[in-house]
Amino acid sequence: MTDTKPTITIIAPVYNEEPVLPELYKRISAIMDATDDTWELLLVDDGSHDRSAEIIAELHANDLRVKGLSFSRNFGFQEAVTAGLDHALGDAVVLTDADLQDPPEVIPEMIAKWREGYDVVYGVRESREGETWFKLVTAKLFYRLIHRITSVNIPLDTGDFRLMDRRVVNSLRSMGERNRFLRGMVPWVGFRQTGVTFVRAPRFAGEAKYNSFRRMFKFAMNAITSFSYVPLQLATYLGFVMAAISGVAILAVILLRLFAPHELTGQATTLVAVLFLGGVQLISLGIIGEYLGRIYDEVKGRPLYLIDKTWGIRK
Ligand code: UDP
Ligand code: MG
């Protein structure tokens with residue numbers, strides 16, 4: 001096998017995906033071999049605790065078009081994808097989940113759109129099988145919220161399953177931000193973007209890693225803080241609203257004091273006002289903290305990921 005540059009790179013982040021990797025390779029290679037394009041499958045092991053790394057090594061030994069790298073620990077999905085983009089050789093790059101929730105059968109459709117001249121072809125979910133109603137509802141709310149408060153046009157109901165032209169990949173690689181939110185970064189880049197619809201399949205095997213509320217919350221916070229100042233401005237709006245309410249309240253208190261001196265009894269009113277204001281102030285402070293922490297992350301300038309092993313990757 002020669003070390004020529006493939007036309008298409010397929011990147012799949014892998015975190016404890018031992019039961020799905022052989023099937024992933026089988027499905028991808030069957031589909032890609034049916035196209036006229038040369039391809040490579042780049043598996044990024046995000047510090048798995050199971051045999052994922054060994055399986056990547058085996059797949060690579062048996063087919064050199066399978067390449068891989070392994071992180072020194074679990075860095076997270078966004079970082080794994082970033083490493084994939086950094087090491088992809090293709091003229092176009094396809095991002096897909098390793099668990100076969102993004103059906104590989106859609107990839108030829110994406111390639112066809114790319115040939116038509118589109119730089120980004122994202123997969124739009126037509127329906128989602130095998131997801132909990134909680135995930136469906138929160139995902140829907142999340143997309144609507146993001147749409148309202150950010151200036152980048154993040155397409156509705158799209159995940160990370162997408163094809164990107166080399167110039168989009170190079171643009172993304174020039175964006176060195178930490179706390180990455182790829183679904184916002186890709187539309188931010190621009191160029192010609194389009195979508196193809198697909199039905200999101202249930203996971204082939206194994207367990208979803210994003211089900212914990214904490215993880216989804218962090219994901220949402222990164223999305224919002226990366227592309228919007230609206231939460232920071234919230235404190236200002238709240239301040240104005242509170243000032244207006246206080247104006248009315250002060251007037252009411254004065255009138256009550258003058259004309260109905262016995263109406264204003266007890267400390268309940270004071271207590272409610274103090275507690276409410278305390279809550280508003282703490283929330284505002286927390287929002288500032290979210291941004292501050294992210295600025296701190298940027299300033300430290302640490303690498304986004306550290307590589308332990310590689311298979312078939314030229315340096
Ligand atoms: N993943 C990863 N690092 C992590 C968590 C997940 O690389 O810390 C990978 C995982 O192996 C899978 C993809 O990201 O290929 C999506 O994860 P999952 O299927 O758990 O998420 P969901 O489909 O529920 O959004
Ligand atoms: Mg999944």
Side-chain angles (χ1 to χ4, degrees), residues 9-25 27-28 41-56 59 66-88 93-104 106-107 122-143 146 154 157-162 178-183 198-220 222-223 304-309:
T9 299
I10 295 154
I11 298 174
V14 173
Y15 183 51
N16 298 338
E17 301 287 6
E18 172 185 317
V20 292
L21 287 180
E23 181 69 16
L24 176 73
Y25 166 70
R27 292 263 298 273
I28 297 263
L41 172 62
L42 179 50
L43 299 170
V44 183
D45 167 28
D46 184 10
S48 300
H49 306 302
D50 63 357
R51 288 192 63 251
S52 294
E54 279 100 316
I55 295 173
I56 295 174
L59 290 172
V66 179
K67 296 167 188 176
L69 51 91
S70 209
F71 283 174
S72 61
R73 64 169 170 85
N74 180 242
F75 278 87
F77 171 87
Q78 306 287 335
E79 286 71 14
V81 169
T82 303
L85 294 176
D86 288 344
H87 295 89
V93 169
V94 178
L95 289 186
T96 176
D97 280 0
D99 57 9
L100 289 165
Q101 282 198 283
D102 306 326
V106 183
I107 297 175
Y122 40 82
V124 181
R125 297 163 180 173
E126 205 156 63
S127 75
R128 295 170 151 208
E129 293 169 25
E131 303 261 34
T132 59
W133 70 265
F134 177 73
K135 183 135 190 188
L136 291 182
V137 169
T138 48
K140 200 162 196 118
L141 282 177
F142 170 69
Y143 279 113
I146 283 284
I154 299 171
D157 300 320
T158 59
D160 291 288
F161 186 31
R162 61 188 66 201
R178 265 121 268 276
N179 297 305
R180 302 168 79 79
F181 179 60
L182 232 102
R183 290 181 200 183
F198 74 102
V199 178
R200 190 154 160 92
R203 202 169 227 291
F204 175 74
E207 304 228 313
K209 284 98 198 163
Y210 273 113
N211 271 348
S212 84
F213 183 75
R214 232 189 77 227
R215 263 199 125 117
M216 276 156 60
F217 188 74
K218 185 175 163 231
F219 177 77
N222 277 344
L304 285 169
Y305 55 83
L306 293 172
I307 295 177
D308 178 12
K309 289 190 215 98

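Every number for a ligand or one of its atoms is a count from 1 in the order of the listing.
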Report summary line: Given the options Phe75, Phe77, Phe71, Tyr305 meets ring-ring contact (aromatic ring centres under 6.0 Å, His included) only with Phe71

Please check if the side chain of [X] supplies one atom and the backbone of [Y] the other of a donor-acceptor pair under 3.5 Å.
X     : Y     : value
Asn16 : Ser48 : no
Asp97 : Asp99 : no
Glu17 : Ser52 : no

Query raised in the report: With a 4.5 Å heavy-atom cut-off, do Ile107 and Ile28 have their side chains touching?
Result: yes

Query - Side-chain heavy-atom pair Val14, Leu21 within 4.5 angstrom cut-off - result: yes

Requested in this report: Look at the N, O or S atoms of Asp97, main chain and side chain alike, and state whether any lies under 2.8 Å from the Mg ion (ligand 2).
Outcome: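 Under 2.8 Å: Asp97 has no N, O or S contact with the Mg ion (ligand 2).
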
Please could you name the atoms of ligand 1 that [X] approaches to less than 4.0 Å, counting only its heavy atoms?
X      : result
Glu17  : 10 (C), 11 (O), 12 (C), 15 (O)
Ala98  : 15 (O)
Gly76  : 3 (N), 8 (O)
Pro13  : 7 (O), 9 (C), 10 (C), 11 (O), 12 (C), 14 (O), 15 (O)
Val14  : 7 (O), 11 (O)
Gln101 : 19 (O), 22 (P), 23 (O)
Asp99  : 19 (O), 23 (O)

Query raised in the report: Between Asp46, Asp97, Leu43, which one has a non-hydrogen atom sitting closest to atom 3 (N) of ligand 1?
Result: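 Result: the heavy atom closest to atom 3 (N) of ligand 1 is in Asp46.
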
Query - Least distance between heavy atoms, Thr158 atom then Arg162 atom - result: OG1-NH2, 4.2 Å

**Report entry** Over all atoms of both residues, closest heavy-atom pair of Ile11 and Ala88
**Finding:**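 Where Ile11 meets Ala88 most closely, the heavy atoms are CD1-CB, 4.3 Å.
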
Requested in this report: May I ask whether Ala12 places a heavy atom under 4.0 Å from ligand 1?
Outcome: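 No, Ala12 has no heavy atoms under 4.0 Å from ligand 1.
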
Query raised in the report: With backbone taken as N, CA, C and O and side chain as the heavy atoms from C-beta onward, which portion of Asn16 lies under 4.0 Å from ligand 1: side chain, backbone, both, or neither?
Result: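 Neither part.
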
**Report entry** Minimum-distance N/O/S atom that Asp99 presents toward the Mg ion (ligand 2)
**Finding:** OD2

